[in-house]
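Here the structure is a predicted model, which means the values were calculated and not measured. Note that the numbering runs from 1 along the sequence shown for the chain.
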Amino acid sequence: MSIEATPTKTGHEVIHDYLRTLDSSPGVYRMLDSESRVLYVGKARNLKNRVSNYARQSGHSGRIATMISHTASMMFLTTKTETEALLLEQNLIKQLKPKYNVLLRDDKSFPNILISKDHDFPRIDKHRGAKKKKGTYFGPFASAGAVNQTLNTLQRAFLLRTCSDSDYESRTRPCLQHQIKRCSAPCVGKVPQSEYKQLVKDAERFLSGKSTEMQAQLAEQMQAASADMEFERAAALRDRIKALTQVQTSQGINPRGVTEADVIALHPEGGQACVQVFFIRANQNWGNRDYYPRVSGDEDPSEVMQAFIGQFYSDREPPRMLLVSHGVDDEDLVLEALSDKAGRKVELIVPQRGEKAELVSNAARNARESLGRKMAETATQARLLRGLKDAFNLPAVPQRVEVYDNSHIQGAFAVGAMIVAGPEGFDKNQYRKFNIKGEELTPGDDFGMMKEVLTRRFKRLLKEDPDRELGTWPGLLLIDGGAGQVSAVREIMNDLGVSDVPMVGVAKGVDRDHGKEEFYRTGQPVMALQRNDPVLYFIQRLRDEAHRFAIGTHRAKRSKAIGATPLDDVPGVGATRKRALLQHFGSAKAVGRAALADLKAVDGISDNMAETIYGYFNEKG
């Protein structure tokens with residue numbers, strides 16, 4: 001339900017006018033400014049009571065008072081329950097990113113360890129994203145590094161394969177992983193299936209928290225093997241016990257009395273905030289991650305904690321227990337929403353003593369130290385951005401610097417890359433990659449590729465943010481190249497009607513040496529910076545990051561193309577059918593030449609699928 005306010009009214013007056021149209025239903029409200037931009041999203045158990053609070057002339061914090069003064073209209077959506085309102089509120093906050101809401105800015109998914117169950121010899125691997133593959137998932141882990149560290153040690157302990165199914169099927173001799181004692185080489189029959197299944201079972205037990213019991217059993221087996229003078233087997237068991245111990249040691253704090261919990265600690269300071277989240281699973285610490293939600297500084301800690309928890313678990317399954325440094329507003333409502341999402345009871349505890357309190361205290365200390373480092377880095381970054389303004393006589397301190405680079409091999413697998421830096425350093429959520437599509441381009445035409453990238457980038461900007469109000473327009477473009485590149489880019493920008501975005505070309509300079517870079521600007525003489533100038537080092541870091549990102553994108557594209565087969569494009573042929581066809585015929589080319597009767601003879605290929613495959617290659621041929 002949306003109601004237009006009288007244009008001349010603002011603030012308390014306009015909010016008061018809505019009270020006549022509202023009842024006591026639960027729901028979500030949005031406050032909008034005179035240009036219909038969403039200022040704030042909130043939920044209410046009783047919409048009329050909540051809006052009447054905003055209609056009062058006094059008693060508001062500075063943030064809320066400012067928000068009210070800018071409010072020109074409101075929108076309302078009623079729900080059946082307040083729990084529904086809470087869930088809708090968090091979804092709208094993440095989608096609309098209102099200026100006056102606490103906002104969780106980093107919302108990446110967490111990696112898990114996956115033990116697959118679609119193969120006779122399951123693999124152990126890192127997995128991120130939707131849990132669609134058949135297998136057992138263990139997680140979440142705080143970072144890819146935490147997963148990799150655990151995987152490396154688990155390989156030494158359980159000797160499970162990590163290779164892809166296609167690599168597994170094509171091996172004729174053990175790989176390097178077997179030689180360094182990290183894989184039992186099931187691909188060439190070095191381990192019976194029954195023994196491998198036991199290794200898989202042991203790995204699952206360990207990741208489920210039954211490590212002490214398993215280590216005791218392994219110790220008994222080692223002693224028995226030694227007594228039977230099976231010294232090679234005893235040595236292998238000894239190595240497994242050592243590897244298991246290393247996993248436990250590397251995970252830091254491993255609480256005895258907390259089986260499954262997320263430890264969440266908040267530290268606000270100086271108008272900023274840091275939230276540390278530690279992941280406890282199977283009585284083991286699986287790492288931590290810090291977050292810096294957008295706050296104004298005058299929110300109550302319980303408000304920040306509630307907003308963080310609501311947004312953090314909006315697309316994640318919550319654990320059985322949350323150990324938090326501060327209570328939350330509407331705790332009963334938050335717990336009801338979390339329990340509904342998990343399909344089981346979820347507890348929220350602010351511990352005061354004992355092991356749980358120590359875990360929260362440790363997380364709080366990390367939050368305080370992380371925020372201190374972040375504030376120092378932000379101050380340094382602000383000085384560097386001011387340095388860019390002074391060095392290149394920019395009209396304002398750039399809050400968003402975009403750096404562009406291309407990567408290709410003689411024109412093949414060409415990609416463009418854009419990285420972004422701002423007051424808080426590199427903003428990797430804003431990085432973009434561009435597959436070069438121009439078929440008329442001459443291979444290796446860097447000017448042509450840059451033209452395509454910038455044309456696509458700024459056409460989209462002009463469409464999505466023509467008024468430059470969303471913070472997505474750059475205050476400075478850094479282009480890898482000299483006068484020619486800058487001239488070409490300026491021509492592109494003029495054609496698009498964008499002539500006021502500053503740009504600087506960065507060329508290697510004399511002897512293509514770091515420290516001798518030359519800088520090119522439209523209509524101005526070439527310039528250089530002192531070798532010890534911090535701004536020069538900053539620009540070098542920006543350019544190197546753009547180059548790293550471009551090279552990585554190019555390599556990924558090239559690897560995907562090299563590993564591709566014609567079977568990838570056949571409708572209905574996924575990984576399992578592809579593997580069956582390659583095992584049967586030996587190559588994709590042989591599949592394409594196969595007769596219909598031969599295709600029907602392949603295990604797992606139905607008559608209809610065989611006809612689809614046969615028809616595909618016949619049409620292609």
Atom of N53, atom of H60 and distance for their closest heavy-atom approach:
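Heavy atoms only, the tightest pair is O-CE1, 3.1 Å.
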
If you look at every heavy atom in K126 and A144, which pair is closest and at what distance?
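That closest heavy-atom pairing would be NZ-CB, 4.0 Å.
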
Distance-only side-chain donor-acceptor flag, [X] / [Y], under 3.5 Å:
X: D300; Y: S302; result: yes
X: T472; Y: E464; result: no
X: Q306; Y: D329; result: no
X: E358; Y: N362; result: no

Can you confirm if the aromatic rings of F312 and F110 lie within a centre distance of less than 6.0 Å?
yes

Ring-ring centroid check Y29 Y54, cutoff 6.0 Å:
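Here the rings of Y54 and Y29 have centres that are less than 6.0 Å from each other.
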
Between R548 and E545, does a salt bridge (Lys or Arg N to Asp or Glu O under 4.0 Å) hold up when you go through it step by step?
CA-CA 5 Å; R548 179 202 67 77; E545 173 68 0; 2.9 Å; yes

[Y] backbone acceptor or donor facing [X] side chain under 3.5 Å:
X: R281; Y: A261; result: yes
X: E355; Y: G257; result: yes
X: R50; Y: K43; result: yes
X: Q399; Y: G475; result: no
X: R577; Y: G572; result: yes
X: N152; Y: N148; result: yes
X: S361; Y: A357; result: no
X: D427; Y: V420; result: no
X: E260; Y: R320; result: yes
X: E84; Y: T79; result: no

Classify the angle between the aromatic ring planes of H70 and Y100 as parallel (below 30°), tilted (30 to 60°) or perpendicular (above 60°).
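Judged by the thresholds at 30° and 60°, the geometry between H70 and Y100 is tilted.
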
Quick one: [atom1] on [X] to [atom2] on [Y], what's the gap to the nearest 0.5 Å?
X: Y431; Y: K433; atom1: OH; atom2: NZ; result: 12.5 Å
X: S73; Y: D17; atom1: OG; atom2: CG; result: 12.0 Å
X: L323; Y: F278; atom1: CG; atom2: CZ; result: 12.0 Å
X: S52; Y: H16; atom1: OG; atom2: NE2; result: 9.0 Å
X: L462; Y: D467; atom1: CG; atom2: CG; result: 11.0 Å
X: T66; Y: K99; atom1: OG1; atom2: NZ; result: 8.5 Å

Is it true that atom [atom1] of [X] has more than 12 heavy atoms of other residues, nucleotides or ligands lying nearer than 6.0 Å?
X: R123; atom1: CZ; result: yes
X: K197; atom1: NZ; result: no
X: R365; atom1: CZ; result: yes
X: H326; atom1: NE2; result: yes

When you measure from the centre of the six-membered ring of W473, is the NZ or CZ of R468 closer than 6.0 Å and no more than 45° off the axis?
yes

Would E402 and R400 satisfy salt bridge (Lys or Arg N to Asp or Glu O under 4.0 Å), going step by step from the backbone distance to the final call?
CA-CA 7 Å; E402 293 184 358; R400 179 185 174 102; 2.8 Å; yes

Does the side chain to side chain donor-acceptor pair (under 3.5 Å) test come out yes or no for N608 and S606, once each step is laid out?
CA-CA 5 Å; N608 286 339; S606 66; 5.4 Å; no

Could you tell me whether R344 and E317 have a side-chain N and a carboxylate O separated by less than 4.0 Å?
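E317 and R344: salt-bridged.
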
Determine, for D118 against K134, whether the closest basic-nitrogen to carboxylate-oxygen distance falls under 4.0 angstrom.
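A salt bridge is absent here (no side-chain N lies under 4.0 Å from a carboxylate O).
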
S314 and side chain to side chain donor-acceptor pair (under 3.5 Å): which partner among E89, Q90, K94, K341?
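Between S314 and the candidates, side chain to side chain donor-acceptor pair (under 3.5 Å) is satisfied uniquely by K94.
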
